[in-house]
Amino acid sequence: MNTWVYIDHFKGNVIPASWEAIGVGKTLGHVTALVFGSGVEALAKTAFEYGADEILLAEDVGLADFRAEAYATTLSKLATEQTPDLVLFPTTTRGRELAGMVAIDLKSGVMVDVITLDVTDGKITITRPIYAGKLLTKETCSAKPQIITLRGRAFPKPAQQVGRSGTLTKVSAVPGDFPTKVEGYTTSEGGVSLTDAGVIVSGGRGVSNNPALTPPAGMDDKQTELWRAQQGFALVKELASALGAAVGASRAAVDAGYVSYAHQVGQTGKVVSPDVYIALGISGAIQHLAGMRTSKVIVAINKDPEAPIFKLARYGVVGDLFQIVPALTAAFKKKMGK
Ligand SMILES: Cc1cc2nc3c(=O)[nH]c(=O)nc-3n(C[C@H](O)[C@H](O)[C@H](O)COP(=O)(O)OP(=O)(O)OC[C@H]3O[C@@H](n4cnc5c(N)ncnc54)[C@H](O)[C@@H]3O)c2cc1C
């Protein structure tokens, strides 16, 4: 099978799920990596080190910023000329947008957020979660090329083989007066890369529930809640830092103003698949589970033994997080020599 893999990158950093997609392509046959941008040749060559046999590099000032129309026009033209069997994208915002546009151009369909992929007699069958992760659906697509976005961390990342090389072909971008113009970027919050994290420590509404803490005098109820949440999230962050983990949160914690939206996990937040997900003071509402149920090991600490999160957790601790988390952090720090 001749597979194309779209390498998603931003400001010189490749989204690791692109390498995972190369790994999937290699199990099916020949892999061509597609790298679009400006000044990205060095970045493109890394695709060889993750297993790409060939690279199609489109460099143009018009591709300097990701703009779906410009990228899709070039990708669709290449695919029309060279007829790959399969085009893989990482399930990122850019990957989803581009896959949808290319599918329309090529009169194909898209199977999004795929977590398993099997090939029998040249026919691909995929699995993907639907209804907020409550059900898994099996699907096939009869059109060619088949277009699929792969959920990050659902497939293994191939080992990097430094110095590995292959055939790099420079291709032209399709010029056009595309309506989208990028005006600039602003950082929402630094340091949070939930979707790439191997370990995530998340806090929920329970993180503000430590009545033993006496707030400074003169605070009203809301200020007291936020002050307590700040103390509670300090524990979440300390445990995350001891484990080299990213910090996540439930929507209740985000809506109440404990942490920013960039941390939210769930149906209306980020969908994550870490090796370990530690839920602190999170009840496990279906909308939260939708964002983390494919985590490989789930650990929950909650003082309510009936909390739904325990139905999904591999390890559950029924108790007060304010007593358990500091002890856990100290134990991890000791174990990891920190
Ligand atoms: C359309 C829609 C979209 C949504 N999207 C999302 C989403 O993307 N992500 C999301 O998370 N939610 C989402 N929600 C909200 C979701 O339904 C829940 O309201 C939310 O997940 C609850 O957050 P929580 O578990 O932090 O709070 P709660 O449900 O209030 O749970 C707090 C938990 O903390 C425990 N606790 C309290 N004190 C302690 C303590 N000292 N020690 C240990 N445990 C303690 C309690 O026992 C309880 O289980 C969405 C809802 C809707 C309707």
Side-chain angles (χ1 to χ4, degrees), residues 91-93 96 112-113 129-135 151-152 188-189 192-195 197 200-215 221-222 224-240 245-274 277-295 298-331:
T91 307
T92 54
T93 312
R96 277 174 182 264
V112 294
D113 207 18
I130 56 167
Y131 297 122
K134 266 285 188 196
L135 293 178
R151 179 177 286 198
S188 58
E189 193 167 330
V192 184
S193 178
L194 280 172
T195 38
I200 294 174
V201 182
S202 277
R205 202 186 328 248
V207 162
S208 66
N209 184 26
N210 186 2
L213 282 176
T214 312
D221 286 353
K222 184 63 193 172
T224 302
E225 181 192 348
L226 285 175
W227 181 82
R228 288 203 168 118
Q230 213 178 11
Q231 317 301 313
F233 260 96
L235 297 181
V236 176
K237 287 175 187 169
E238 202 184 342
L239 176 56
V247 174
S250 71
R251 177 163 162 179
V254 171
D255 285 353
Y258 304 170
V259 284
S260 70
Y261 173 71
H263 295 274
Q264 185 175 316
V265 171
Q267 188 181 321
T268 44
K270 301 249 164 53
V271 175
V272 298
S273 264
Y277 187 90
I278 304 178
L280 306 174
I282 292 178
S283 59
I286 174 150
Q287 296 89 353
H288 188 79
L289 303 185
M292 43 64 79
R293 69 162 67 241
T294 53
S295 305
I298 295 168
V299 181
I301 301 176
N302 195 303
K303 62 182 192 181
D304 174 8
E306 302 298 326
I309 190 82
F310 287 129
K311 292 206 175 83
L312 206 63
R314 169 100 58 98
Y315 302 101
V317 183
V318 178
D320 185 351
L321 72 92
F322 295 95
Q323 289 175 6
I324 296 157
V325 174
L328 206 56
T329 305

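Counting convention: from 1, in listed order, for ligands and their atoms alike. Numbers for residues simply follow the sequence, beginning at 1.
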**Item:** Summary of salt bridge (charged side-chain N to carboxylate O under 4.0 Å, His left out) pairs that have at least one residue in residues 248-263, sequence neighbours excluded
**Value:** Arg251-Asp255
**Fill in**
Counting only non-hydrogen atoms and a 4.0 Å cut-off, the residues near ligand 1 are Gly204, Arg205, Gly206, Asn209, Ser250, Arg251, Ala252, Gln264, Val265, Gly266, Gln267, Thr268, Gly269, Gly281, Ile282, Ser283, Ala285, Gln287, His288, Asn302, Lys303, Asp304, Gly319, Asp320, Leu321, Phe322
With a cut-off of 3.5 Å and sequence neighbours excluded, list every side-chain donor-acceptor pair involving residues 278-293.
residue, atom, partner, partner atom, Å
His288, ND1, Val265, O, 3.3
His288, NE2, Tyr277, OH, 2.8
Arg293, NE, Gly133, O, 3.0

**Fill in**
Taken to the nearest 0.5 Å, the spacing of Phe233 CZ from Ser208 OG works out to 9.0 Å
Identify each donor-acceptor pair in which a side-chain atom of residues 305-326 lies under 3.5 Å from a protein atom, sequence neighbours left out, and give them as a table.
residue, atom, partner, partner atom, Å
Asp320, OD1, Phe322, N, 3.0

**Item:** Side-chain H-bond candidate by donor/acceptor type, Tyr258 with Gln230, under 3.5 Å
**Value:** no
**Item:** CG-CD1 distance between Asp113 and Ile130, expressed to the nearest 0.5 angstrom
**Value:** 12.0 Å
